[in-house]
Q: 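Below you will find the structure I want to go over with you.
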Amino acid sequence: MGPSGCGKSTLLHVMGGLAQASRGRVLLDGNDLAAMSDSPRTLLRRHKVGFVFQRFNLLPTLDTYHNITLAQHIHGNGFDSSPLRSGRETSRVERALKHKPSELSGGEQQRVALARAIISEPKLVLADEPNRQPRFEKFRRGSFSACGRLNRDLGQTIVMITHNPDAATYGNRVLHMRDVWWSIASTH
């Protein structure tokens with residue numbers, strides 16, 4: 001948790017292997033991301049990390065069903081409908097399966113992004129400001145509860161970044177960041 005510009009998203013990208021750490025080690029399921037080249041890091045990310053991006057990153061030409069199952073195909077294990085059923089139930093996207101992203105509300109798009117992030121049952125789910133919805137209360141009850149179930153029932157680690165204190169109350173642990181980006185940048 002921290003104010004805008006303090007490095008929360010940068011930290012999330014480093015944790016997920018989307019950005020390379022300039023120093024130190026980044027361990028994911030026993031693998032040091034900082035020591036890996038792009039190809040092995042991409043494979044590890046594909047199999048171990050699910051992302052819920054701030055802007056959803058849904059493909060506009062695909063309906064909800066295909067936006068969700070695309071992640072499973074990228075994972076490389078073929079299609080298995082059981083995680084799709086579980087993901088749909090967890091994120092409550094059943095009614096929207098045939099709709100394209102432009103036909104969905106912001107909260108529905110966020111739930112589709114969550115279903116896509118969890119379909120391959122990654123060890124780590126990274127969520128970048130998932131609470132930026134106009135109808136925050138309804139979203140909070142649904143998606144934050146879903147994240148709690150994923151952690152409790154499947155043992156998935158959920159890391160959510162936010163600057164909203166209400167959203168942070170859903171975590172088991174809250175870390176506060178302040179001026180981290182400046183501190184890191186100034187040590188180069």
Q: Not counting sequence neighbours, which residues clear side-chain hydrogen bond (donor to acceptor under 3.5 Å, both in side chains) with H66? List them please.
A: D63
Q: State which residues pass side-chain hydrogen bond (donor to acceptor under 3.5 Å, both in side chains) with D29; sequence neighbours excluded, sorted by chain then number.
A: K48
Q: Does Q156 use its side chain to pair, donor to acceptor, with the backbone of L124 at less than 3.5 Å?
A: no
Q: So which of L59, L70, N57 actually passes side-chain contact (heavy atoms from CB on, under 4.5 Å) with R116?
A: N57
Q: How many angstroms lie between atom CZ of F51 and atom CG of L12, to the nearest 0.5 angstrom?
A: 7.0 Å
Q: Please report the shortest heavy-atom distance between A71 and S120, naming the atom on each side.
A: O-OG, 3.6 Å
Q: Determine the minimum heavy-atom distance between V52 and A117, stating which atoms define it.
A: CG2-CB, 3.7 Å
Q: For R25, enumerate each residue passing the salt bridge (charged side-chain N to carboxylate O under 4.0 Å, His left out) test, keeping only those at least two apart in sequence or located in another chain.
A: D32
Q: Report yes if the side chains of T157 and K123 come closer than 4.5 Å at any heavy-atom pair, otherwise no.
A: no
Q: Would you confirm whether K100, through its side chain, and T64, through its main-chain N or O, come within 3.5 Å as a donor-acceptor pair?
A: no
Q: Do any N or O atoms from the side chain of Q110 and from the backbone of F56 form a donor-acceptor pair under 3.5 angstrom?
A: no
Q: Measuring from L27:CG to M15:CE, what's the distance to the nearest 0.5 Å?
A: 11.0 Å
Q: Calculate, to the nearest 0.5 Å, the distance between atoms SG and CD1 belonging to C6 and I161 respectively.
A: 8.5 Å
Q: Check whether any side-chain N or O of K8 sits under 3.5 Å from a backbone N or O of M160 as a donor-acceptor pair, and report yes or no.
A: no
Q: Which residues satisfy the side chain to side chain contact (heavy atoms under 4.5 Å, CB included) test with Q20, sequence neighbours excluded?
A: R41
Q: As an exercise, state the distance from CZ of R111 to OG of S105, rounded to the nearest 0.5 Å.
A: 5.5 Å
Q: In chain order, what residues pass the salt bridge (charged side-chain N to carboxylate O under 4.0 Å, His left out) check against R45, with sequence neighbours excluded?
A: none
Q: Does V125 form a side-chain contact (heavy atoms from CB on, under 4.5 Å) with V159? I'd like the steps, not just the answer.
A: CA-CA 6 Å; V125 177; V159 177; over 6 Å; no
Q: Hydrophobic clusters join Ile, Leu, Val, Met, Phe, Trp and Tyr when side-chain heavy atoms are under 4.5 Å apart, directly or via other members; which others share one with M1?
A: V174
Q: List the residues meeting side chain to side chain contact (heavy atoms under 4.5 Å, CB included) with L175, not counting sequence neighbours, and say none if there are none.
A: R173
Q: Who pairs with V26 by side chain to side chain contact (heavy atoms under 4.5 Å, CB included), at least two apart in sequence or on another chain?
A: V14, A21, L33
Q: How many angstroms lie between OG in S102 and CG in L104, if you round to the nearest 0.5 Å?
A: 7.5 Å
Q: If every non-hydrogen atom of P101 is compared with every non-hydrogen atom of L58, which pair is closest and at what distance?
A: CG-CB, 3.7 Å
Q: How long is the span from the CG atom in L18 to the CG atom in L126, to the nearest 0.5 Å?
A: 8.0 Å
Q: Got a donor-acceptor contact below 3.5 angstrom from the N67 side chain to the L62 backbone?
A: yes
